[in-house]
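Data first, discussion second: the structure below is written as structure tokens.
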Amino acid sequence: MTFHVSHRSLFLSSAILLSIVCATGCGRKKIASNTASPTRPRKQDVVQNGIPYDDICVRAQSARIPVIMYHDIIKERGRKSVWFDCTVEELKQHIEFLKKEGAVPISLDQLYKHLNQGAPVPDKAIVLTFDDNYQGFYDNAYPLLKELKWPAAMFVHTNFVGDKKNDHPKMTWETLMQLDKEGLVTIGSHTLSHRRLADITPEEQQEEITKSKSILEGKLGHPIPYFAYPEGSNNETTQKLTRAAGYTMSFTIVNGAAEESPNIVAVNRYLHTKIEKAWANARQKTVDVPAAIVEMEYKPSPVKLIVGEFAGVKMGLTTGGLPTTVHSPGRTSVGDFVADQKGVAGINGTFFADAHVNGTDNKLIGPSQVPAENIYVPDDTPERLPRLVNRPMIVWGPKKVAIFPFQPGTMNSPDAIKSFMPDYTDAFLAGAWLVHKGIAQTAEQMEAQAASDYQETRRRAFLGLNANGEFVAGASLEVISTSKLAEAAAAAGVQEAILMDSGFSTSLIYNNKIIVTGHTAESIPSRPVPHAIVFKGELAPITDPVINEFFTKANPASGPEAIKATEDPTPRRTKRKKKKKHDDDAPPPDSAIIVQPDKSSDDKSVPDKPEPDKPNPDKQTSEKSKRKDVTPATSTDPPN
């Protein structure tokens, strides 16, 4: 059987190339780094009118899968071997390591369905790929894989098929066809001649990308949906061209789990020399992120007030109600947010960019959407986005709520969210995942996803859900760390909880009373904030006399009797003599704190950014030039 590419397809590819070229400089050569910036999913790809979403979906965040890249598999190292060759003995050691760890290799088809559709995968899945069509793979690796029935992938640069001239011979078309026929190994494209795609013109890129696909399809008799960039070199134009050519998934050489990739045509891969690191990172993040999708139907029951001690922490909580988020043009007290929305309870919302107490900017950290605006607002600070990877994102609609790890490449625009929950109304990014499945996350677990100051002690706030499906808003009545807040929330029966902005922003309101303020002095109200969660519905009666007394003594949250935060709530100090040991006129302890900018919204976390591995920065295009012994470069995170 022969697989043909129609003239119409070639015409469409040419038309798409023209539009891409014009969009990126009308044919001028674009200088780009080894790793491209993320491309946004196209609007027509969202599930509507029968057209499916074609990028990494939200449901894929339930796992962390490492993809490993090998090259030639040689019997032993010699004078002409290079650092990225792998000996048979080394490969056997890798196989024994994976067997001991319980790893389950999966195929590219399984990986694609997982990334694009959220299809379930084995708990300890891994993907093994091999580049450059080496005969050494067929002679030395394939027999081992066949014995274990482990699937793998081979990426082929078609101009070198059958090349036996050098010390690293390539498989012939007959061998490739036999390999393909047996079905254990998936064949993918690796261009015609292994050129660094980001260094050539869009027209040259298109030829390398489309012709290699056409040749493979003609020889093997079926579509070739998968592609690997030579040396990982690609840019935004390259990614658009791979999509236009009909590839559904493409691979780079950037360290990181597949689910954390910028998009589905820039899937992360580790060099084989880092297989143990890749495995350890994937297993750790499965637990620490946590790599999970939480979906619950929430129950809008009457709003109840709880004040008590949990895990040694005094806290105020509200449960129940119908939640809605609000975003102010500037900053507003949570009490006024609740009053304006005709709600009965509320809590301060997520973190915001300007942490100064007297700031008026309303820009939030991470994307968000509130019902009143019905617009998905992305985080427009590119240098911050890498630091937000795996922060918990919460979305909800009329009946369901979901929490999942945030990936800026695909979730900083609404398409992934719409395909996951078409009727969602509210969305925002939280500071850390505190409680998962009723268990408090440890400080070490939260470190993988939280801001760098997450353990600093201050009054802290959270949003969560209990086992009854009721929303829970809670805040500490004392200064604590985030890990202590997690313990307290779990002790209060919260099943899932995420961190809200804290410190001076902390504010829990119930029935127009301030239950928790961000200051230890009750006479000082929490600072105004740009974002809040308001709960609507009926109030449950307070039957506990202790809680009723606490509520009665609480200060009003809104209205003429409410204490308002001034532009500068700090008492003005006059110069005075050195304070005596027992100075009765000394200001209250909080005064010394208030004059400092509140750092509760600062975002200083710098999680490990995927590192691009560059087998060879040499820009010669021959197969021989590719095999130079060059140590991979390592990327660094942008400064805060």
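Of the charged side-chain nitrogens involved, none lies within less than 4.0 Å of a carboxylate oxygen, so that E297 and K299 do not count as a salt-bridged pair. For the pair D54 and R243, the salt-bridge criterion is met [side-chain N within less than 4.0 Å of a carboxylate O]. Ion pairing between a basic and an acidic side chain is recognised when a charged N comes within 4.0 Å of a carboxylate O; D336 and R331 show no such pairing. We find that E295 and R59 are joined by a salt bridge, their nearest charged nitrogen and carboxylate oxygen being less than 4.0 Å apart.
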Would you please test F428 and H531 for ring pair (Phe, Tyr, Trp, His ring centres under 6.0 Å) and show each step?
-> CA-CA 10 Å; F428 64 86; H531 186 254; 5.1 Å; yes
Could you go through the side chain to side chain contact (heavy atoms under 4.5 Å, CB included) check for Q449 and D288 one step at a time?
-> CA-CA 8 Å; Q449 20 122 356; D288 292 352; 6.0 Å; no
Take R64 and E260 through the test salt bridge (charged side-chain N to carboxylate O under 4.0 Å, His left out) and record every step on the way to the result.
-> CA-CA 8 Å; R64 289 294 178 271; E260 297 175 5; 2.8 Å; yes
Do N348 and F337 pass the side chain to side chain contact (heavy atoms under 4.5 Å, CB included) test, and can you show the C-alpha distance, the side-chain angles, and the key distance before you say yes or no?
-> CA-CA 9 Å; N348 61 284; F337 270 130; over 6 Å; no
Verify salt bridge (charged side-chain N to carboxylate O under 4.0 Å, His left out) between D123 and R283, making sure each step is shown before the conclusion.
-> CA-CA 10 Å; D123 180 50; R283 299 316 303 159; 3.5 Å; yes
Evaluate the side chain to side chain contact (heavy atoms under 4.5 Å, CB included) criterion for residues T318 and I306: first the C-alpha distance (whole Å), next the side-chain angles of each, then the deciding distance (0.1 Å), finally the verdict.
-> CA-CA 6 Å; T318 66; I306 300 171; over 6 Å; no
Evaluate side chain to side chain contact (heavy atoms under 4.5 Å, CB included) for L108 paired with F251, printing each intermediate quantity in order.
-> CA-CA 11 Å; L108 291 192; F251 294 87; 3.8 Å; yes
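Checking D55 against T410 by side-chain atom types alone, no donor-acceptor pair falls below 3.5 Å. Remark: the T457 side chain and the S481 side chain contain no N/O donor-acceptor pair separated by less than 3.5 Å. Side-chain polar atoms of T482 and R460 form a donor-acceptor pair below 3.5 angstrom. When only modelled atom types and interatomic distance are considered, Q117 and Y112 share no side-chain donor-acceptor pair under 3.5 Å. Donor-acceptor pairing under 3.5 Å is lacking for the side chains of N116 and Y53. Between the side chains of N234 and Q239, at least one donor-acceptor pair of N or O atoms lies under 3.5 Å.
To the nearest 0.5 Å, the span separating CG on L388 from CE on M411 amounts to 12.5 Å. One distance of note links OG of S483 with CG of L434; it measures 9.5 Å at 0.5 Å rounding. The CG atom of L364 sits 4.0 Å away from the NE2 atom of H327 when rounded to the nearest 0.5 Å. Of the inter-residue distances, the one linking D340 atom CG with K342 atom NZ reads 8.0 Å to the nearest 0.5 angstrom. D379 contributes atom CG, which lies 8.0 Å from atom NZ of K363 (distance to the nearest 0.5 angstrom). Residue L539 holds its CG atom at 9.5 Å from CG of L305, rounded to the nearest 0.5 Å.
Using modelled atom types, no side-chain atom of T381 and backbone atom of E383 make a donor-acceptor pair closer than 3.5 Å. Between the side chain of Q445 and the backbone N or O of T442 there is at least one donor-acceptor pair closer than 3.5 Å. A distance-only check finds no donor-acceptor pair linking the side chain of D426 to the backbone of V395 [under 3.5 Å]. For the pair N512 (side chain) and S558 (backbone), a donor-acceptor distance under 3.5 Å is present. The main-chain N or O of P398 is found under 3.5 Å from a side-chain atom of Y298 such that the two form a donor-acceptor pair. Listed for the T350 side chain is no donor-acceptor partner under 3.5 Å among the backbone atoms of M500. With hydrogens and angles disregarded, a donor-acceptor distance shorter than 3.5 Å links the side chain of T286 to the backbone of A282. Under a 3.5 Å cut-off, the side chain of S476 and the backbone N or O of V479 do not form any donor-acceptor pair. The main-chain N or O of A119 is found under 3.5 Å from a side-chain atom of H114 such that the two form a donor-acceptor pair.
Heavy atoms only, all atoms of each residue included: P392 and G431 are closest at CD-C, 4.4 Å. Between A461 and S502, the shortest heavy-atom contact is N-OG, 3.3 Å. The shortest non-hydrogen separation linking S505 to D501 is OG-OD2, 2.8 Å. Contact between V58 and I293 at its shortest, heavy atoms only, is O-CD1, 3.1 Å. What you find for T252 and N268 is that their closest heavy atoms are OG1-CA, 3.9 Å. Residues P323 and G321 approach most closely at CD-O, 3.7 Å, considering heavy atoms.
Within the structure, every pair that satisfies the side chain to side chain donor-acceptor pair (under 3.5 Å) test and touches residues 485-498, not counting sequence neighbours, is listed here: W433-E496, H436-E496, K484-E487.
The aromatic rings of H519 and F504 sit parallel, their planes meeting at an angle under 30°, below the 60° perpendicular limit. Aromatic ring orientation, F404 versus F420: perpendicular (interplanar angle above 60°, classes split at 30° and 60°).
Within the 4.5 Å cutoff, the side chain of L485 has heavy atoms near those of the F462 side chain. Contact of the V334 side chain with the S526 side chain is not registered, since no non-hydrogen atoms from C-beta on lie closer than 4.5 Å. No side-chain heavy atom of K400 sits less than 4.5 Å from a side-chain heavy atom of M296. Between F471 and L465, some side-chain heavy-atom pair lies under the 4.5 Å cut-off. Side-chain contact between I106 and I65: present, with at least one pair of heavy atoms (C-beta onward) separated by less than 4.5 Å.
Under a cut-off of 6.0 angstrom, the local environment of CD in E373 is crowded, with over 12 non-hydrogen atoms contributed by other residues, nucleotides or ligands. Within a 6.0 Å sphere centred on NZ of K304, other residues, nucleotides and ligands contribute 12 heavy atoms or fewer.
F227 pairs by the ring pair (Phe, Tyr, Trp, His ring centres under 6.0 Å) definition with Y229, Y247, not counting sequence neighbours.
Across Q61, E259, R391, a single residue satisfies side chain to side chain donor-acceptor pair (under 3.5 Å) together with Q407, and that is Q61.
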